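Being a predicted model, the structure only gives us computed values, none of them experimental.
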Amino acid sequence: MRRMTSSVAVNILNLVPVFGVLGAVVINKETLRLAQVLGGVVIVAGVALGLVERRTVVEKAAVPEPSPVTDLSRLEPSGPSGQPSPATARSDETPVTGNPH
């Protein structure tokens, strides 16, 4: 219990009414009504969804992020002079026009 986070503990506490009704049926021989059964199904489904979602969030946090893509603008094709062609020149560079010699 000490390793359980508070959000998981609160989610599991939602099961208290379900076990209360089950105990009343088993011990006191109470009869179940349709509304009680449907309520129990909704509670159990909600708890299950909360635990599954919590588990996937934790697993995603444990997976390391892929390394960022390198700057591909430096890998663009260059013109005959070795300089980037005007079509592929970056915005912070002056395009090369004509013969540089």
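The structure places OG of S7 at 9.0 Å from CG of L51, a figure rounded to the nearest 0.5 Å. Rounding to the nearest 0.5 angstrom, the gap separating the CD1 atom in I43 from the CG atom in L15 is 7.5 Å.
V37 and V18 fall into different hydrophobic clusters, where Ile, Leu, Val, Met, Phe, Trp and Tyr are joined by side-chain heavy atoms under 4.5 Å apart, directly or via other members. Hydrophobic clustering (side-chain heavy atoms under 4.5 Å, transitive across Ile, Leu, Val, Met, Phe, Trp, Tyr) groups F19 together with I12. V44 and V21 are assigned to two separate hydrophobic clusters, defined by single-linkage of ILVMFWY side chains at heavy-atom distances under 4.5 Å. In the hydrophobic clustering of ILVMFWY residues, with side-chain heavy atoms under 4.5 Å counting as a link, V47 and L22 come out together.
In plain terms, the two heavy atoms of R33 and Q36 that are nearest each other are N-OE1, 2.8 Å.
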